[in-house]
Structure formats: structure tokens, C-alpha cells
Amino acid sequence: MDVNYIKKNGLIYTSDMQTIVGIDTESSEFTGRVPFGARYIEGEVFSGCNYEQISLPDSVKQVGNCLFENSKNLKKVKLPSTLIQLSAYMFSGCSSLEQVNMPYVVDFFPEGLFNGCSSMPEIPFRAGLTSLPENCLAGCSSLRTLVIPNTVERIYANAVADCTSLTTVVFPETLYQLDDDAFKGCNSISKIRMNGNNPLFFVSDKDGCLYEKTAEGDKLKLKVNKIQNDEVQLFKDNVDDETEPFFTNEDNDEIDETFSSEIEGAEDEFISVAPEEEIMMGGNNVDEEVNDIMNEEKNRSELSQDVSVGKEEGEILTQMIDVMNDSPNVNNGTVSDEELANLFSSNESSEIISESMVAPSSDEAQAAKMQILLDSVQLNRIIENTPAGELPVDTDLFVIAEKTVEADGVPTFSAKLEKCCRTFAHIQDFKRIILLSGLPVDDEEFSQFYYHFISQRNVVFACEANCPAKLSEYARKVCKLSRISLEHDDLVSQRKKISIKNKSLIKIVIQDKYD
């Protein structure tokens with residue numbers, strides 16, 4: 001062996017231990033988890049390997065081309081959160097690959113990235129992608145639904161070729177070029193939607209096919225398979241034009257201290273279907289894939305114990321929490337914006353490799369994400385708390401204030417809100433209260449970051465409205481991204497739990513008036 005290389009941990013390193021150049025085939029030390037330290041991994045290092053799981057540490061900043069190519073047994077991969085750029089044909093030919101834990105920031109999918117990954121049930125997209133290059137998703141024959149991120153502008157030839165199980169495609173409003181043969185061999189497509197008002201492409205009401213507007217006339221770009229006239233559509237939109245309140249005034253009086261929801265009940269965030277309708281596709285029941293997305297967060301177990309609340313705390317809670325009511329979601333036909341967000345990010349929760357494979361979360365990485373959040377908002381403040389009892393799993397309470405007050409001409413959070421949240425922190429033994437205001441929820445990249453960052457965190461949203469029907473558009477966006485449900489049963493459930501210490505995530509809305 002070259003004296004400039006070092007064998008360690010079942011791997012071969014350069015003499016400075018900064019670069020991994022291969023696997024030490026004479027050793028059995030390497031089991032799939034790369035130790036922290038190396039900053040670069042050369043191309044094809046894991047090509048053709050027999051490992052089922054591989055985990056790369058956050059010290060890795062760059063990898064070479066074809067890193068895992070033709071590793072037929074590889075099922076799960078954890079990539080470093082610090083890896084910004086993926087390499088060409090990185091997973092090409094990994095026919096057993098099912099899950100990839102992607103870095104958060106990936107704004108480019110290279111050529112051939114998932115080429116031939118025939119076991120991938122969904123693609124772990126990230127916000128910021130502007131194109132799908134050649135062979136990027138070609139041969140992903142297990143892929144059934146493809147929601148292309150609303151930043152993609154061009155889809156190259158053969159980018160999604162031979163995805164033989166693909167039935168549903170949602171195109172972004174930003175698309176301006178769709179190359180011929182981009183979906184070559186995708187012969188099962190039966191549902192196409194254009195997300196938003198694209199000036200160049202449209203889906204015909206007559207045949208459901210995708211057309212491009214050209215100077216010579218409308219040009220067919222992607223056609224659907226023939227479907228029965230009586231077939232029920234696959235997805236349904238949520239409608240917000242209901243005027244009937246979800247609760248009556250009497251209901252409000254009965255539970256007038258509840259405006260909240262546990263995360264586990266957030267069904268309005270997912271696809272909902274009228275109970276009398278049976279969803280069918282080509283005469284068969286729709287795969288459980290969509291139902292899995294709907295129920296993704298409903299498997300959280302709850303354990304709670306009673307903790308007495310003092311008179312003063314009870315008065316504060318009574319003062320601060322008001323009932324919110326709204327009408328239930330109704331559906332009318334195609335893929336809704338809510339569905340797009342969930343389908344776009346649903347792989348996040350399934351990108352989990354067994355604990356024996358994945359290193360604990362990096363404190364530095366979490367601190368960096370927290371700093372991104374603090375830097376993105378208009379106003380923030382962190383209040384330290386001294387817990388008196390057993391710490392919860394998540395020791396932080398995030399408080400999003402819709403409005404702020406002014407003190408000596410400087411915007412700040414209302415004293416009433418701070419007092420209320422200190423009470424929550426005292427009851428639940430939180431260590432910190434992170435107050436935020438002015439979330440840029442109209443920014444898609446931030447929204448995706450916030451949605452994933454906050455998913456398993458405790459959130460209180462403080463607004464001016466006294467019922468969901470009066471919520472502002474901003475408030476609704478924050479509730480959706482924070483995974484806060486406004487369902488009747490969830491409001492009632494949160495009312496019962498907020499005043500006792502429990503092990504469920506806090507996901508609530510409270511009213512914060514300033515008069």
C-alpha cells in the first residue's frame with residue numbers, strides 16, 4: 001500500500017485523515033457508519049458495496065461522482081447535513097434504495113442522481129431546485145406520485161424516463177421548459193395538474209393532458225392514459241369559502257378557554273375525502289401511500305400526569321386562552337395546495353435510519369438552524385427558565401406573536417403574552433422560551449425550513465382573532481407551517497391538557513389582545 005495512505009476504521013484515508021479514498025477490504029471494521037473527521041470522500045468509494053445502510057458524518061463537506069453507484073443491496077443512506085452539493089450519478093443503479101436522509105440545503109440535483117433507483121417510493125426534494133437534469137429520476141419504477149417543487153424551471157430530456165408506476169404528476173407554476181421525452185416510458189400517468197397559473201403550460205379540461213402554448217398553437221407535451229368516465233378523481237382540494245361556524249355560540253361559552261390543538265390531530269393539514277366517496281384509480285383502491293401521508297403524525301403515543309395549577313396560573317390561563325371556531329374543510333376535486341406541501345415534504349419523517357446507524361444530532365447543527373430562524377424573523381427574544389421538575393423531550397417553547405407592542409418607540413412582545421408563556425414554561429418545565437415575530441412565511445425557502453425545523457417542537461401562536469373564521473392569511477399560514485390544527489376535537493383536547501404536565505407536543509393558538 002502507498003505509504004501516503006492510512007488504514008483505519010475499515011476505511012482507507014489520505015495521510016492527513018481528511019479524505020476517504022476507499023474501503024479496506026482486508027478489514028471487517030467498517031459496518032456502514034463513517035466516523036466523524038473526514039471532510040471529503042472520493043468518487044466511487046462505496047460503488048458496488050454490499051452494505052444495506054451507510055451513514056456519512058457532518059464533517060463531510062464534499063463527495064465525488066458515482067459515490068454509491070450500483071450498490072444493489074443498499075437500502076438506506078444518511079447524508080451529512082453539511083453537504084451542499086450532491087454528485088452526478090450518486091445513487092445510480094441502487095435498485096434496493098428506499099430512503100435517503102438528505103441535507104436540508106440542496107439547491108441542485110445533478111445528472112443521474114437517482115437513475116435506476118427502482119425501489120424509491122418518493123423523491124426527497126428540497127426547496128430551491130431549478131431543474132431536473134437528464135436521467136435524474138429515470139427508472140424510479142416504484143414512484144407513483146411526483147410533485148415537482150415550485151422552483152423548478154426546466155425538466156430535461158429523460159429526466160423522469162421509465163417511471164413505469166407513475167400515475168400522478170404535479171407541475172410547478174415556474175416551469176418554462178419541458179424537453180421532449182422528459183417523461184419517456186411513463187405509460188401509467190392518469191392525472192396531471194399544473195400548480196398555479198403557468199403562462200406557457202396548461203392542463204386541458206377536455207382530455208387532462210399537458211399542453212404548451214406556442215406561436216404555432218397548442219403543443220401536446222404529456223398525455224394521460226385513458227381512464228373511465230365514471231372514475232373518481234384521486235385528490236381533492238380544500239375549500240375555505242364555508243360560512244357556517246364550526247361551533248355555535250353556546251359551544252364557545254362551554255369551552256371558552258380553548259384555542260389550541262395537539263399535533264397528532266392535524267388532519268386538516270393532510271388530504272381529506274368526503275366519507276361517502278370511494279377513491280378509485282383504474283378500478284383499484286388507491287395505494288396506502290397517500291393514507292400514510294395523511295396519518296404520518298397520528299402515531300404519537302401520549303403519556304400524561306396531573307400536576308396541580310395554582311390559582312394565579314389558572315387565572316392567567318383563563319385570561320389568555322379563548323375558543324376559536326371555524327368550518328370544516330370541504331373538498332372539490334384536484335390536488336390542493338395543502339397536499340402539495342405535504343407530498344413535497346412527506347419523505348422527511350420517513351428518512352430515519354435505525355438508531356444503531358445514525359449519530360446523535362449535532363449541537364452545532366441545531367444551533368446553526370436556530371440562528372437561521374432568529375436571523376430570519378423581524379423580532380426575537382429568548383427567555384431563560386429554571387425547570388423545577390423532570391425535563392420534557394424538547395425543552396424549548398417557541399412562541400410566535402402575530403402582533404407586537406411598542407415600548408418607548410421600540411417594538412416588543414406584550415407583557416401579558418410573556419407572562420402567559422412563562423406560566424406554560426413553569427407547568428411543562430421548559431428551559432427556554434423563544435419569542436418570534438414577523439416570520440417571512442411568503443418566502444418558500446424559509447417556509448420549507450421552518451416547516452421541518454418546527455415539526456417536533458412546542459409552538460404557541462398568539463393572534464388577535466377570537467375565532468378561526470377571523471384569522472388573517474398570515475395567521476393561517478403560520479398555523480399550517482407550525483402543524484397546528486383548528487379542528488373542534490383538537491381544541492377540546494388541548495383545553496384539557498394545557499394546564500397539566502404531559503409528554504405530548506404543545507401545538508396551540510391563544511388570543512393576545514392589546515387593549
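Salt bridge annotation for Asp207-Lys223: absent, with no cationic side-chain nitrogen under 4.0 angstrom from a carboxylate oxygen. Between Lys221 and Glu212 there is a salt bridge, since a side-chain N of the basic residue sits under 4.0 Å from a carboxylate O of the acidic one. Electrostatic pairing of Lys213 and Asp218 does not count as a salt bridge here, judged by no charged N lying under 4.0 Å from a carboxylate O.
Between Ser87 and Cys66 the shortest heavy-atom distance is OG-N, 4.2 Å.
To the nearest 0.5 Å, atoms OG (Ser447) and CG (Asp442) are separated by 7.0 Å. For the atom pair NZ (Lys403) and OG (Ser472), the distance works out to 7.0 Å, reported to the nearest 0.5 Å.
Asn458 contributes a side-chain N or O that, together with a main-chain N or O of Ile506, makes up a donor-acceptor pair within less than 3.5 Å. At least one donor-acceptor pair under 3.5 Å links the side chain of Asn150 to the backbone N or O of Glu173. Here the side chain of Asn65 pairs a donor or acceptor atom with the backbone of Ala88 at under 3.5 angstrom. Side chain of Ser142 to backbone of Met120: no donor-acceptor contact under 3.5 angstrom is found. In this structure, Thr82 contributes its side chain and Val60 its backbone to a donor-acceptor pair below 3.5 Å.
Test Leu166, Val169, Ile123, Asn135 against Val160 for side-chain contact (heavy atoms from CB on, under 4.5 Å) and you get one pass: Leu166. A side chain to side chain donor-acceptor pair (under 3.5 Å) with Arg154 holds for exactly one of Thr130, Asp179, Thr174; it is Asp179.
Using cut-offs of 30° and 60° on the angle between ring planes, the pair Phe68 and Phe46 is parallel. The aromatic rings of Phe109 and Phe114 stand perpendicular to each other, their planes meeting at an angle above 60°, with 30° marking the opposite boundary. The aromatic rings of Phe446 and Phe449 sit tilted relative to each other, their planes meeting at an angle between 30° and 60°.
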Applying ring pair (Phe, Tyr, Trp, His ring centres under 6.0 Å), run through Phe171 and Phe183 and close with a yes or a no.
CA-CA 12 Å; Phe171 289 96; Phe183 287 81; 5.6 Å; yes
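Using a 4.5 Å heavy-atom threshold, the side chains of Ile454 and Leu481 count as separate.
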